[in-house]
Asker: 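Would you mind keeping the following structure in view while I ask a few things?
What's counted below: heavy atoms across the whole structure, side chains too, no hydrogens, waters or symmetry copies.
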Amino acid sequence: MTLKLLMEVSPQELLESLAELQNHVLGYVKSTSLKCAVDLGIPATIHKRGGTATLADIAADAKVHPAKVADLRRMMALLSASGIFTTTAAGTGDDDGAADDTAAVQYGLTTTGRFLVGWRNLSPVAPFFVNPLIVSSFFDLPDWLRSEPAPAGAGSLFEQAHGCSRQEMVGKDAGFGSVLRDAMTADSELFLEVIIVDKGRIFRGVSSLVDVGAGNGAGTRVVAKAFPRIKCTVLDLPQSVGQAAAAGDGNLSFVAGDMFESIPPADAVLLKNVLHDWGHDDCVKILQRCKEAIPARGAGGKVIIIDMVRGSLLGDKKIGEMEAMQDMFAMCTNGVERDESEWKRIFSGAGFSDDYKIMPVLGPLSVMEIYP
């Protein structure tokens, strides 16, 4: 096949195709290097030093062994080439990542890298997505695809690999549970801040809100602080609410319960990154319980869904690839990322009106409002 390709395509296309293949098969090197950088606190080091740091600064702050500084440089070169860090020759302002002296190059943060630092940041997401329990699940993908389907809601790829669901693993492995909670907290806090700034009008006229499946309520606290007039309630399973229930105060409270059985009454129900964990029929059931909890549309009743809407940026290759990867990740636990037509069927199946609203926030991440 390689000899045939030599005859059919140009040398440049052949080179680019081979590079693309190498990027695929070695993609894990990028993600594990990023996790390493986060674990070593490298983005935070650059941030706290005013936005730039030399290799010597980074090595000192990360406590890298002197004999491994050359290896650290190689990792920084990869993460610079892949868009996390910038490199500038010290004192010149010219891009130059080739110098060997540990003080000759200043490392900075790209826009992507800046998501990993600051008051609200996504650095905890890397240790979760690159956790061995998550990554190793995908090694079972060939066997899982060939196996007989399990009943709806059971037999996920994660379960086949580890003998238990991801939620059950949280109870068995405290370290994994901590990594998962930290990632969910970081994601909820950051994106709800963004949504409040960009789409805060969705909370106008709402006097009570139930945040379903919100765990420790990290994101709900952001809403409660921004809108002190709204009475906010977190609903989740007892093991998910945990000790957070005792921390409720002011306009925030916690209720242990099951969203498939009942949801406390409120003007609005919020579902952030909940429905993508469930299949079509389960999503319909959840939304039916939501519909029972809210008043009629004329009285302000609505459900606010924060989730991905695939295909919102057709033609953007990077966004399309990200959507497909998120969908594969969701598949690991029997979840699914949906396009508008799939969301519409769920809304209709649960008895909601057809004049829903979809408001893009960051690419495919959207806020959806549906009405009874």
Asker: Residues in ring pair (Phe, Tyr, Trp, His ring centres under 6.0 Å) with Phe129, at least two apart?
Answerer: Phe329
Asker: Relative to Phe158, does Arg166 satisfy both conditions: NZ or CZ under 6.0 angstrom from the six-membered ring centre, and within 45 degrees of the ring's axis?
Answerer: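 No, Arg166 does not lie over the aromatic ring of Phe158.
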Asker: Go through the steps for Trp278 and Phe260 under the test ring-ring contact (aromatic ring centres under 6.0 Å, His included), then give the verdict.
Answerer: CA-CA 12 Å; Trp278 301 93; Phe260 286 101; 5.0 Å; yes
Asker: Can you name the residues that form a side-chain hydrogen bond (donor to acceptor under 3.5 Å, both in side chains) with Asp187, not counting sequence neighbours?
Answerer: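 side-chain hydrogen bond (donor to acceptor under 3.5 Å, both in side chains) check on Asp187 returns Lys272, Asn273.
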Asker: Hey, is CE on Met76 packed in by over 12 heavy atoms from elsewhere, all under 6.0 Å?
Answerer: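 Yes - once you tally the heavy atoms of other residues, nucleotides and ligands closer than 6.0 Å, there are more than 12.
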Asker: Check side-chain hydrogen bond (donor to acceptor under 3.5 Å, both in side chains) between Asp339 and all other residues, then give those that pass, not counting sequence neighbours.
Answerer: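 Asp339: side-chain hydrogen bond (donor to acceptor under 3.5 Å, both in side chains) contacts with Ser341.
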Asker: Say whether Val303 and Val367 are linked into one hydrophobic cluster, either directly or through other cluster members, by side-chain heavy-atom distances under 4.5 angstrom.
Answerer: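 In one cluster: no.
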Asker: Under the rule for salt bridge (charged side-chain N to carboxylate O under 4.0 Å, His left out), what residues qualify as partners of Glu13, not counting sequence neighbours?
Answerer: none
Asker: With ring pair (Phe, Tyr, Trp, His ring centres under 6.0 Å) as the rule and sequence neighbours excluded, what pairs involving residues 17-41 come up?
Answerer: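 Residue pairs passing ring pair (Phe, Tyr, Trp, His ring centres under 6.0 Å), neighbours aside: none found.
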Asker: Report yes or no: do Gln12 and Glu16 form a side-chain donor-acceptor pair below 3.5 Å?
Answerer: yes
Asker: Shortest non-hydrogen contact from Pro372 to Gly301?
Answerer: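 So the two residues come closest at CD-O, 3.4 Å.
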Asker: Residues in side-chain hydrogen bond (donor to acceptor under 3.5 Å, both in side chains) with Thr45, at least two apart?
Answerer: none
Asker: Answer yes or no: is there an ion pair linking Asp355 with Arg297, defined by an N-O contact shorter than 4.0 Å?
Answerer: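 A salt bridge is present here (some side-chain N lies under 4.0 Å from a carboxylate O).
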Asker: Under the rule for salt bridge (charged side-chain N to carboxylate O under 4.0 Å, His left out), what residues qualify as partners of Arg120, not counting sequence neighbours?
Answerer: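 By the salt bridge (charged side-chain N to carboxylate O under 4.0 Å, His left out) rule, Arg120 matches Glu189, Glu193.
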Asker: Thinking salt bridges, do Arg310 and Glu337 make one under a 4.0 Å N-O criterion?
Answerer: no
Asker: Can you list everything that forms a salt bridge (charged side-chain N to carboxylate O under 4.0 Å, His left out) with Lys291? Sequence neighbours excluded, please.
Answerer: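 For Lys291 there are no salt bridge (charged side-chain N to carboxylate O under 4.0 Å, His left out) partners, ignoring immediate neighbours.
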Asker: Of all residues at least two apart in sequence or in a different chain, which pass the ring pair (Phe, Tyr, Trp, His ring centres under 6.0 Å) check with Tyr356?
Answerer: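 Tyr356 satisfies ring pair (Phe, Tyr, Trp, His ring centres under 6.0 Å) with Phe347 once adjacent residues are dropped.
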Asker: In terms of side-chain geometry, is the basic nitrogen of Arg49 or Asp61 positioned less than 4.0 Å from the acidic oxygen of its partner?
Answerer: yes
Asker: Does anything in residues 199-226 form a ring pair (Phe, Tyr, Trp, His ring centres under 6.0 Å)? List the pairs, not counting sequence neighbours.
Answerer: Phe203-Phe227
Asker: Apply salt bridge (charged side-chain N to carboxylate O under 4.0 Å, His left out) to Lys285 and list each qualifying residue two or more places apart in sequence or on a separate chain.
Answerer: none
Asker: With sequence neighbours excluded, what pairs up with Thr185 under the side-chain hydrogen bond (donor to acceptor under 3.5 Å, both in side chains) test?
Answerer: Asn216
Asker: Any donor-acceptor pair under 3.5 Å linking the side-chain atoms of Asn334 with those of Ser156?
Answerer: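 Looking only at side-chain atoms, Asn334 and Ser156 do not form any donor-acceptor pair under 3.5 Å.
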